Structures are given as C-alpha cells and as structure tokens.
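Have a look at the structure below, then the notes.
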Amino acid sequence: MEAQRRAKRDEARVIGLSPYGGRTDDLLSLAGAHAKYDEAADNAFKEHKDPSCDERPRLRIAGRVVLHRDNGKLIWLNLRDASRESFQIAVSKKDCDEQGFALAKLTDLGDIVIAEGPLMMTRTGEVTCWAISLQPAAKCLLPPPEKHSGLQDIELRYRQRYIDMWSNPHTTKVLELRSRVISSIRTFLTERGFLEVETPMLQTQAGGAAARPFITHMNALDIELYMRVAPELYLKRLLVGGLPRVFEINRNFRNEGLDKQHNPEFTMLELYQAFGNYETVMALTEDLVRHAARDVSAKKAATLPFRDGTIDYERPFDRVTYAELFEKHLGFAMTERDKVRSEIELRNLKMRTEVGVELDHWFLVNTLFEEFAESKLDPCRPTWIIDYPAALSPLTRPRHDDASLAERADLFIGGMEIGPHYTELNDPDVQAAKFREQLAGVDDEETTFRTFDEDFINALKVGMPPAGGMGLGIDRLIMLLANQSSIRDVIAFPMMKPLGS
RNA sequence: GGGAGCCUAGCUCAAUCGGUAGAGCACCGGCCUUUUAAGCCGUAGGUUCUGGGUUCGAGUCCCAGGGCUCUCACCA
C-alpha cells in the first residue's frame, strides 16, 4: 500500500507538482474560511453566472484529506485541520486547473493539500470551496485509520499520537484546552505580582519530595545527577534571595509506578508567597482553579462534568480538618494510640517498618486515614483537608497552638489529590532536625536519595521570610477540566514501554 | 511486583462445541460533473502478537514470553 502511494506521489512530480509543498502565504484556517461564506454574493453569481461580477470570497486553505469522493469529472474532498473537523472542497474538471484536477485524482486519504477558489453553497446546503487550483502540501505514505471510526486502538493512539490527533479531533481539543488553561494560570499569577522562574531540573541532590529520582551521569564533572522530584528547595532559596512572589510551571520526574494518575514526568505548578501562610495560598488556589474552570466552561458559572458526576467550582470549597475527617470515619480520635494500633491489627493492614515510636504512630494514622477517610470524600465537592499531622509534613511549620499539627492543607477534587499547601518552615534549626528525623530508619536504597541538603539549611540560616507555598498538579487539573479519566489522555506523549524489548 | 482481561487484513470488527479465517472501510481496475460514511461492477489483501505443546485437525485448549487495559500493592 505504501508502494502505491509512493507511485502516486511520484506521478504528481511528473506532472510538475511538488509533492511536499512549500511556503504558502495567506492561508485561512478551515473554520475561518467557513465563516467567510457570503450568501448574497453566492446567490448573485448563481443568478447571472457572470464571471466578471463574481463577488464571492475567494480564499486559500489547507488541510488533511479525510474523505474523498471521485465522481469522474467532479471530485469532492473533505479537509480537516485543528480548527474544524471537516470542510468540503469540490474539484471540477471544467473549473479547476489541469494540474489540480490531476492531483485530485491522485489524492489519497491522509494527504495534506492546499486549495484555492471561491466559496459557494451546494444544492444540499453545504458551504464549499469550489477549487480553481489544488496543490500538494505533503503525501501520506502510510495507510490511514478507518475514516469513520477513527483510530480506536488505545496503544496506537498513545504511541502514534500524530495519527491519533488528526484521526480523532477530540485529542487535539484536549491539548488545546491544556494550553489554554496553562496560559490562563500564567496570566492569573502574573497579574497578582508573581514572577515566573526556572530552577534546576538536574540536581546534585533530589530534594523537596520523597520520591525515587531518576539518576543520570554528568561526564564533564564525573558526578551523579538527579532529575528533580520537586523544585521546592530552589524556589525557597529565591525567597531568601529577596523575591517576594515566585512560581514555576515545569516538569518533575519521579521514578515510581505509572497508573491513571501518575506519569513518570508530570507538570507541576509550584508557588511561594513571602509573608503569606497556608490560608493565603489556599485562597489563591481556590480563586485560580475557579478562574481556570470558568475559562474552560462554556457557561459563565463553572460547573463541569467529570466521570459520572458534575463538579461545581463556583461555591466555596468544603473544608474539613484531618482530625475531624479521621474521627468521623474511624470512630475514634487519631491521638488514641492504642485504638489506632488495634484498628490496624483488626483491619489486618500492613505495618510500616519501625522507625521510632512517634513517627510509627503517625504512619499508622495516615494508613487508616488514606484507606477509610480520604477515600470517602465526595468527588463532586472540591474539598480542603487541613491541619495534617506535623510528623507527616517535614517541610511545614507546626501550628502555634498545637505543635503536633502542621499548617498544611491538601485540595481534593474528583477523588484526586490536586495539591498540597503549606505554611513554610523557615527556622533552620527545626528544619535541620526534621531532615535528620526523616533520614533515620530509612533503608539503604532510600538513603541513596534522601540526603541532608546542607546548603538549603545554610540558606535558611541567612533568613527566609515567613511564607505560604503550594504545589498544583497541572495534569490532574487538566484531567478535571477536560473530563479525562486518565493522565495519559492529557499528555501529548505519555510514557510507553518500548516495543521489541 | 500480584491478579484479571485483551491482542485476528492497513483500520474498525466478526468467526457457534476444536472442523474451509470473514465483513465494512481503505487499497487496485472499470463507470459516473452536486457528492457528503457517495454509488454500482470487479480484483486483491492473513506468520490470527511471538515461541513451544496437546490433537487427525488449533484463531479457539495448555505452557512460556511480549505489549496494552483494568485492578491491587508500592509511592511522607
């Protein structure tokens, strides 16, 4: 089949056409072209048939051929581009130039062509470009997917996104929505005085989150480098340096499993606001998410479908403390150590390794919490869980009134954790102690990437203003706004295992 | 990493109990100047994911491997 298409390509060359096209100015998008139809001019031309007073708009368009109907001396093509699924071209032997008509005969589904001609309406009422010329722009040498059902095979859709995108227009729509949302977030933050920055992706220590990093080697310095798992410790250094409001939208890399909510590289918004706290950044995020939802929503009020339900972004997000939610679903307070322990045994849950009595208790609490409390949240109600146990939040400032709790909030929407929010810890001594506590008891593998960042402590010694900080999983936000249940559907090129291994 | 399911023509999908591998679209040849998932006539297209096994006979049953999907586990 490829050989047949090559032959047609070469035939086009023989009749003087350039099969791979070239620069073409004054191209209209297919949607733009369709909007240019002038009914009065079309009717006037149909009445008089006088070429000297043809007022119909004449335009030049390009697109991929998705339908091809050859009626002998009249050939119909339907083109597709990112702006419009289908736009009809008629190539008539009488009205089109000779080369163009010959090309229409040689055209295969999947080819990209350039057409030029007046806009008219057919008998059946379809706005159509009545071509006077047709030029090749690119030959499609490989057979395209079925023209009506599109490319269905989920694996091929991910592996060959370049086919999926034009075969299934919805794929492109999701990528466009993604771009629009990120652009909206940048504008939102910039208008509020935040400075966008870029911090290292190649780090000598992988800090800021507890995840396995990807490790690589730098030849020039002969050292191991880590792909960042988070930008946090560098953004905070910028606060020390004097920038009051910073954010970064960029990739993080985590060497963990992949599923519907995890891709090894993913996009994160991380933000810090000097002299704020977790309440400050929570308010900011709530506003930002609502703003983005409104940008996406066709209606003014931002309610968007997600999976089986509808999420209302307009009403203030729900709030519940970690302790309340725990007690509500477990039936006892998280501080009751004996009950926590016996509950774990009763439910026959796996215990974490012994890392010390204090930390052990809170790990057990969190196991119960994630299993029986967090999962019970209404997916249709955006919800803040606030005041996490301090033991689980090593980079967060403890509450003034209760040092066992941290000023940390997590936003949950649609059953997904969207982003943690913190009052940042800026006491170097407390931070150093937390680092040491986290390092204690970890196994050999973990110690290879859980390291004590001396320079970060040094920065805190110089003095970091009190601050609120947050991270927002952009891919998950896009999943919500685009109603996609897999992270792979909002990433152009998701991670795939290579074939033939 | 565990469990379950899927993999058939370029694409979308069939194939009863283990008994001749099919259709539509795409492709190729022919006809057609208002079609629109164009239509009509004709042709061609297969390592049934790979490798073994059972059987007179395997797309179908068994074993191993690969990829994908779902799910569980891991993941402060």
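Below, all heavy atoms of this structure are taken into account, side chains as well, without hydrogens, waters or symmetry copies. All values derive from a computational prediction rather than experimental measurement. Throughout, a chain's letter reflects where its sequence line sits, starting with A, and its residues are numbered from 1.
- Ranking A37(B), C70(B), A76(B) by closeness to the Leu67(A) side chain, first place goes to A37(B).
- Here, G57(B) and A21(B) have their P atoms 15 Å apart, quoted to the whole Å.
- Nucleotide A23(B) forms a Watson-Crick or G-U wobble pair with U12(B), both donor-acceptor distances falling under 3.5 Å.
- Atom name C1', nucleotides G18(B) and U60(B): the rounded distance is 7 Å, in whole Å.
- Comparing A44(B) with C49(B), their P atoms are spaced 25 Å from each other, to the whole Å.
- Contact check, Arg5(A) against A26(B): no side-chain N or O comes under 4.0 Å of OP1 or OP2.
- The residue among Ser149(A) and Ser486(A) whose nearest nucleotide of RNA chain B is located toward the 5' end is Ser149(A).
- If you check U34(B), G67(B), U12(B) against the side chain of Glu155(A), the one that comes closest is G67(B).
- G45(B) and C61(B) have their C1' atoms separated by 30 Å, with the value rounded to a whole Å.
- Put simply, the side chain of Glu126(A) and the base of U35(B) share no donor and acceptor less than 3.5 Å apart.
- An OP1 or OP2 oxygen of G24(B) is reached within less than 4.0 angstrom by no side-chain nitrogen or oxygen of Lys147(A).
- Side-chain proximity of Lys8(A) to the nucleotides C27(B), U34(B), A37(B) is greatest for C27(B).
- Because its NZ or CZ atom is both nearer than 6.0 Å to the ring centre of Tyr388(A) and within 45° of the ring axis, Arg408(A) counts as a cation-pi partner of that residue.
- The partner of C70(B) is G3(B), judged by Watson-Crick or G-U wobble contacts that both fall below 3.5 Å.
- Straight-line distance between the C1' atoms of C11(B) and G2(B): roughly 35 Å, to the nearest whole Å.
- Comparing the P positions of C41(B) and A23(B) gives an interatomic distance of 15 Å, to the nearest angstrom.
- Distances shown here put every side-chain N or O of Arg69(A) at or beyond 4.0 Å from the OP1 or OP2 atom of U35(B).
- When distances run from any side-chain atom of Glu256(A) to the nucleotides C75(B), C68(B), A76(B), the shortest one goes to C75(B).
- Listed nucleotides: U34(B), C11(B), G10(B). Nearest to the side chain of Pro143(A): G10(B).
- Straight-line distance from the CG atom of Leu106(A) to the P atom of G29(B): 10 Å, rounded to whole Å.
- Counting heavy atoms of neighbouring residues, nucleotides and ligands inside a 6.0 Å radius, atom CZ of Arg251(A) does not exceed 12 of them.
- Taking the P atom of each, G65(B) and G22(B) are spaced 34 Å apart, rounded to whole Å.
- Base-pair partner of C61(B): G53(B) (Watson-Crick or G-U wobble, both distances under 3.5 Å).
- In terms of heavy atoms, Asn426(A) sits closest to Pro466(A) at ND2-N, 3.3 Å.
- Both distances falling under 3.5 Å, in either a Watson-Crick or a G-U wobble arrangement, place G39(B) opposite C31(B).
- The Arg488(A) side chain lies nearest to C68(B) when the options are A76(B), C11(B), C68(B).
- The nearest whole Å value for the distance from the CG atom in Asp111(A) to the C1' atom in A26(B) is 13 Å.
- Ring geometry for Phe456(A) against Phe435(A) counts as tilted: the plane angle lies between 30° and 60°, on a 0 to 90° scale.
- Interface remark: the Thr122(A) side chain does form a donor-acceptor pair with the U35(B) base, using a distance-only criterion of under 3.5 Å.
- Distance from the side chain of Asp153(A) is smallest for U12(B) among the nucleotides C70(B), U12(B), U35(B).
- For Asp108(A), the listed nucleotide lying nearest its side chain is C27(B); candidates were U34(B), U35(B), C27(B).
- Among C68(B), A76(B), C32(B), the nucleotide with an atom closest to any side-chain atom of Asn71(A) is C32(B).
- Closest approach to the Lys260(A) side chain among A76(B), C11(B), U71(B) is made by U71(B) (side chain taken as heavy atoms from C-beta onward).
- Between Asn263(A) atom CG and C68(B) atom P there is a gap of 13 Å when expressed in whole angstrom units.
- Atom NZ of Lys105(A) sits in a crowded spot, with more than 12 heavy atoms from other residues, nucleotides or ligands closer than 6.0 Å.
- Ring geometry, Tyr322(A) versus Phe369(A): the interplanar angle falls under 30°, so the pair is classed parallel (tilted spans 30 to 60°).
- Mapped onto RNA chain B by nearest heavy atom, Ile154(A) and Met1(A) fall at different nucleotides, with Met1(A) at the one closer to the 5' end.
- For Lys376(A), the NZ atom is densely surrounded, since the number of other residues' heavy atoms within 6.0 Å is greater than 12.
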